[in-house]
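Since the structure comes first, as structure tokens, the remarks are kept for the end.
Counting starts at 1 for both ligands and their atoms, in listed order. We count residues from 1, following the sequence as given.
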Amino acid sequence: MSPPTFEIGEQYAATMDARDPLAHFRDRFHIPVTESGEEGIYLCGHSLGLQPKSAKTYLEQELKDWAGLGVEGHFHAKNPWMPYHKLLTEQTATLVGAEPVEVVVMNSLTVNLHLMMASFYRPSPKRHKILIERGAFPSDQYALKSQIRFHNYEPSTSLIELTPREGESCIRDEDIESLIDQEGESIALILLGGVNYATGQYFNIPEITRAGHRKGCIVACDLAHAVGNVPLRLHDWGPDFAVWCSYKYLNGGPGCVAGCFVHERHSQAWDLPRYAGWWGHDERTRFEMGPDFNPMAGAEGWQLSNPPILALAPLRASMEIFSEAGMQRLREKSVLLTAYMEFLLRDKAGKYSITTPCHPERRGAQLSIRLTEGRGLCDRLLAEGVIGDWREPDTYRVAAVPLYNSFRDVYRFVQHFSAAHS
Ligand SMILES: *Cc1c(COP(=O)(O)O)cnc(C)c1O
């Protein structure tokens with residue numbers, strides 16, 4: 001892919017929007033409005049995706065069936081609730097490049113991380129370490145440290161953090177590989193963010209997986225900022241498990257049900273210890289209510305509870321839109337949008353720097369802008385209807401999301417940003 005060339009000026013943004021084959025998808029979402037009733041510039045899809053207009057219809061259907069059918073809705077709703085979560089399996093598998101047996105939509109992200117670690121983090125005196133990136137999302141750090149302690153090890157000796165080189169903000173691919181080469185034999189689990197939440201760095205999942213597996217490590221990824229943002233091929237890349245949430249790029253709504261991938265090679269690993277619940281039990285005999293747990297093959301065997309139908313309904317609305325748009329086309333637009341934003345920001349260079357990698361293959365939609373002046377700028381922009389977010393200590397994050405952001409959004413954002421940035 002040769003680097004795109006862009007032009008300064010509003011006309012160019014209008015031309016790009018007119019040519020954009022995905023532009024019409026914007027109309028399928030509610031765009032937040034400012035106090036004066038104007039459309040805001042929403043660049044926060046990395047934190048909470050916007051509401052598909054169709055979400056309401058999906059939700060209302062389930063409310064209606066609950067009202068009209070009560071418990072019978074489990075079997076006689078328009079979309080029976082018993083197998084409801086399976087309505088999401090095919091589209092989820094396609095989105096993350098997995099076989100249907102490898103994915104399930106359940107729980108929330110941190111819960112899934114713990115469930116997966118109960119099965120896949122099996123430390124021994126010779127191999128007890130966990131490798132993560134420095135500055136991983138706090139919930140992941142807490143989860144990992146608590147798992148280490150749960151097994152009577154100490155984070156100070158069992159948690160290794162990949163760190164950028166002095167003066168750099170992202171971690172170099174070769175440094176990841178050499179650390180795995182050196183320490184791999186003592187590492188039980190490698191868990192990296194697919195895309196780091198703070199820097200926007202997109203890790204090379206297939207290479208890290210290969211390097212980790214060569215050393216006998218379990219390799220996993222937290223895809224919270226990768227799913228729906230970059231195309232994934234989890235089955236081929238081969239990590240042992242992956243987890244993600246569905247309210248960021250997937251637009252499933254606040255606190256929406258999360259996702260989980262377990263590679264097919266573990267689909268019949270009946271010997272793995274796991275926390276069990278009735279929804280993970282073989283569905284053919286689930287309602288015989290017997291005393292012995294007999295898990296389903298694949299990711300579904302890790303389910304605990306019957307899922308929250310009202311939370312799954314809006315996710316279905318969004319996944320329909322993803323299927324229509326196609327992840328590959330979304331990624332093509334995303335690469336352009338982000339590069340365009342970077343181009344305009346560099347043109348207006350001031351007291352800030354972009355910490356996200358500039359290579360399109362090492363980032364998704366997000367750009368992280370390091371500011372010297374603190375969060376005041378973020379708040380001033382918010383007051384003008386420009387919605388990005390602030391992450392301590394010094395990072396302003398924005399993402400132009402190809403499903404609903406336009407080139408004009410990006411143009412207008414940079415206008416506001418440079419005017420507010422004294
Ligand atoms: C957003 C995010 C979370 C949030 O966890 P929840 O369990 O969904 O509250 C955790 N980890 C990462 C990497 C995230 O980006």
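A cation-pi arrangement, defined by a distance under 6.0 Å to the six-membered ring centre and an angle within 45 degrees of its axis, is present between Arg362 and Tyr202.
Distance check: His263 NE2 to Trp237 CH2 gives 12.0 Å after rounding to the nearest 0.5 Å. In this structure, CZ in Arg380 is found 10.0 Å from CZ in Phe417, a value given to the nearest 0.5 Å.
A distance below 6.0 Å separates the ring centres of Tyr340 and Phe407. Annotation: Tyr249 is not in aromatic contact with Trp244 [ring centroid separation under 6.0 Å not met].
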Check: residues 395-402 side-chain donor-acceptor pairs under 3.5 Å, at least two apart:
unit_1	atom_1	unit_2	atom_2	d
Arg397	NE	Asp389	OD1	2.9
Arg397	NH1	Tyr197	O	2.9
Arg397	NH2	Asp389	OD2	2.7

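Protein residues with any heavy atom under 4.0 Å from ligand 1: Leu109, Thr110, Phe137, Asp140, Asp222, Ala224, His225, Tyr247, Lys248.
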